[in-house]
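The basis for the numbers below is simple: all heavy atoms, side chains too, and nothing from hydrogens, waters or symmetry mates. To find a chain, count down the sequence lines: A is the first, B the second, and so on, and within it residues start at 1.
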Protein chains: 2
Amino acid sequence: MVKTEFSPIADTTRRAGIVALLRRAILTGQLEPGQKLNELRISEQMRVSRAPLREAMRELVQEGILTSIPYAGTFVINVTAKDIDDAYSLNKVLDEFAIERTWKQRDQRFFEELDRRHEAVKQATRDRDTTRQIETALQLHGLIHEWADNSVLLETWQRLTSRLQMYFALHQQARKEAVPAEDIHETYVALLKGDDMRAAQRHAREHIDLDFEELLAHARGLERRPLKGA
Amino acid sequence: MVKTEFSPIADTTRRAGIVALLRRAILTGQLEPGQKLNELRISEQMRVSRAPLREAMRELVQEGILTSIPYAGTFVINVTAKDIDDAYSLNKVLDEFAIERTWKQRDQRFFEELDRRHEAVKQATRDRDTTRQIETALQLHGLIHEWADNSVLLETWQRLTSRLQMYFALHQQARKEAVPAEDIHETYVALLKGDDMRAAQRHAREHIDLDFEELLAHARGLERRPLKGA
DNA sequence: GACAATCAGATTGTCGACAATCTAACAAGA
DNA sequence: TCTTGTTAGATTGTCGACAATCTGATTGTC
């Protein structure tokens, strides 16, 4: 008998679809930080009622990429330099922890997945598709968190990721040019395959440092940027 | 002129009130793990419509203490021994990070707040109010995370806290007796006031160890406990 | 001119009713 | 007996309308 594989069913509820749509719009920078989300307008554009839209927005508020003020509105969060710095320093700690937890459990499947994700980054880089490049790079980094077999860690990292992706998108959009074309993940992948855990941890720290330094500098320049009104 | 103190305004929106009510019910163990939340029944009991109730539930789902299955229902999360273990090990990492970040910023206000919260724990212990004892102990531990001046860390810790509180409540409810009466936080507080950061970090690890070991043992005993139906 | 009161418009919060889906029980057929 | 189809009841998901609140513009008063 042939083993058949099924792809997951498309979103079962409108709410889930809306969440996915909104999240994507926010993370790709389509919706700008500080921008207000008008419920009526969005619900009309999406051809849904406000009920599932509002529920979707509540989810994204808890996810940390929207913020809500009663009777005033729901807004895309504003990204301050401090936010980036906070996320960045916590991310270092989490990465170190994830590598430690993952280390013993690395197996063939892990290495294969590592290569697959690395390849995806390289493909996006070749295509000059910066949005996808950000997505894939974060997925590559996420592997150690998925593999660490700690649900709370994974959840936490995913929350962080949302923000990081937002920051990167904002950053990239602002300079209007591609992220460095040369692949900076080569060493990272190699170390994850190697035998020196400490070295891998150290590199994760420094590598992320590089990505962030530039980002931070840019973010500080944007500080106190005026909001987009409704 | 007399300095007047105002109590916080009652929740501006029904949704917020519902969230607070539900959260409390869950964290105190009033709603058991695995239990299904019937929207119609709850909305009637609270005298509100299902709309704000559903929005509140979405928030708690994202907060991680409820879980939702489309068209099936929303349930209080089930607490497995592994969940506790995961939360516990991540908490160690976060505590260490928080202490490091807080250390340089300790000042008079910090020490005062530390004493205040410590006193609250002792008071709850004297009163044999176990629920409050859990609450205050977690608030004591939360101080370093609040002081670390890292919003993402604080947010993460608060999410962890919800679960820990649930675990503790479950644990405490099951044994039907008070948490150890003698105060185990004395050393912790003293070390946070001292000069040896490493020692404080080490103690945080081991102290939490103590709290958790017992909890873990108990949780493993509950594994695969049957769910409560609707 | 400065300030408070008032009001209209827009937007968010809440409600009750209807539609879609699930579950469990039962019947029909191989 | 096992499987499949059907159905009724309960529950969740969605909708359109109404109520509460905010914003700002306007008016009136000093």
Side-chain angles (χ1 to χ4, degrees), chain A residues 1 6 8-23 25-26 31-32 34-63 65-78 226-230, chain B residues 8-23 25-26 31-32 34-63 65-78 226-230:
Chain A
M1 197 215 256
F6 295 101
I9 304 291
D11 295 320
T12 51
T13 109
R14 295 194 205 286
R15 183 181 70 239
I18 297 171
V19 166
L21 231 68
L22 277 183
R23 186 190 290 123
I26 296 167
L31 289 169
E32 294 183 34
Q35 187 172 349
K36 176 173 177 178
L37 277 66
N38 185 307
E39 297 179 1
L40 200 57
R41 184 158 61 231
I42 296 181
S43 69
E44 280 168 357
Q45 288 174 354
M46 291 189 179
R47 307 288 178 81
V48 295
S49 74
R50 286 173 53 224
L53 172 63
R54 282 174 57 86
E55 292 187 15
M57 287 164 84
R58 272 340 128 223
E59 289 192 23
L60 295 175
V61 166
Q62 286 308 106
E63 214 176 291
I65 60 182
L66 289 181
T67 178
S68 154
I69 304 173
Y71 290 107
T74 305
F75 308 82
V76 178
I77 58 163
N78 260 305
L227 306 190
K228 274 282 169 94
Chain B
I9 304 289
D11 295 317
T12 53
T13 139
R14 294 194 204 287
R15 183 181 71 241
I18 297 171
V19 165
L21 232 67
L22 278 182
R23 185 190 289 122
I26 295 167
L31 289 169
E32 295 184 30
Q35 188 172 349
K36 176 172 176 178
L37 277 66
N38 185 308
E39 297 179 2
L40 199 57
R41 186 159 58 230
I42 295 180
S43 70
E44 281 169 356
Q45 288 174 354
M46 292 189 178
R47 308 289 177 82
V48 295
S49 74
R50 285 173 55 222
L53 172 63
R54 283 173 58 86
E55 292 186 16
M57 285 164 82
R58 273 339 126 221
E59 289 192 21
L60 294 177
V61 166
Q62 286 309 106
E63 216 176 287
I65 61 183
L66 288 181
T67 178
S68 153
I69 304 173
Y71 289 110
T74 305
F75 308 82
V76 178
I77 59 163
N78 258 305
L227 308 188
K228 274 284 172 90

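Note: CD1 (Ile18(B)) to C1' (dG13(C)) measures 11 Å, nearest angstrom. Protein atom NZ of Lys36(A) is 8 Å distant from nucleotide atom C1' of dT12(C), rounded to whole Å. Rounded to an integer number of Å, the gap from Leu40(B) CG to dT12(D) P is 8 Å. Atom-to-atom, CG of Leu37(A) to P of dT12(C) comes out at 9 Å; the value is rounded to the nearest Å. The separation between Ile69(A) atom CD1 and dT23(D) atom P is 9 Å, rounded to whole Å. To the nearest angstrom, P of dT12(C) lies 8 Å from CZ of Phe75(A). Spacing between atom CZ of Arg50(A) and atom C1' of dG13(C) amounts to 7 Å, rounded to whole angstrom units. Atoms CG (Asn38(B)) and P (dT23(C)) sit 15 Å apart, rounded to a whole Å.
Counting only heavy atoms from C-beta outward, the side chains of Leu22(B) and Leu31(B) approach each other to under 4.5 Å. The closest side-chain heavy-atom distance from Arg58(B) to Ser68(B) is below 4.5 Å.
The shortest distance between the side-chain N/O atoms of Thr13(B) and the OP1/OP2 oxygens of dT14(C) is below 4.0 Å. The phosphate of dC15(D) has OP1 or OP2 within less than 4.0 Å of a side-chain N or O from Ser49(A). In terms of phosphate contacts, Arg54(B) brings a side-chain nitrogen or oxygen within less than 4.0 Å of OP1 or OP2 of dG13(D). Within the 4.0 Å cut-off from OP1 or OP2 of dC15(D), at least one side-chain nitrogen or oxygen of Arg14(A) is found.
Panel note: side chain Glu44(A), backbone Arg41(A); no donor-acceptor pair is recorded below 3.5 Å. The closest donor-acceptor contact from the side chain of Lys36(B) to the backbone of Val76(B) lies at 3.5 Å or more, if one exists at all.
Across all strands shown, dA4(C) is found opposite dT27(D) as a Watson-Crick or G-U wobble partner, with both distances under 3.5 Å.
Looking at Arg23(A) and Glu59(A), no side-chain N of the basic residue comes within less than 4.0 Å of a carboxylate O on the acidic one, giving no salt bridge.
Looking at heavy-atom distances under 4.0 Å, Leu53(B) makes no contact with the nucleic acid at all.
If Tyr71(A) and Glu55(A) are placed on DNA chain D by their nearest nucleotide, the residue sitting closer to the 5' end is Glu55(A).
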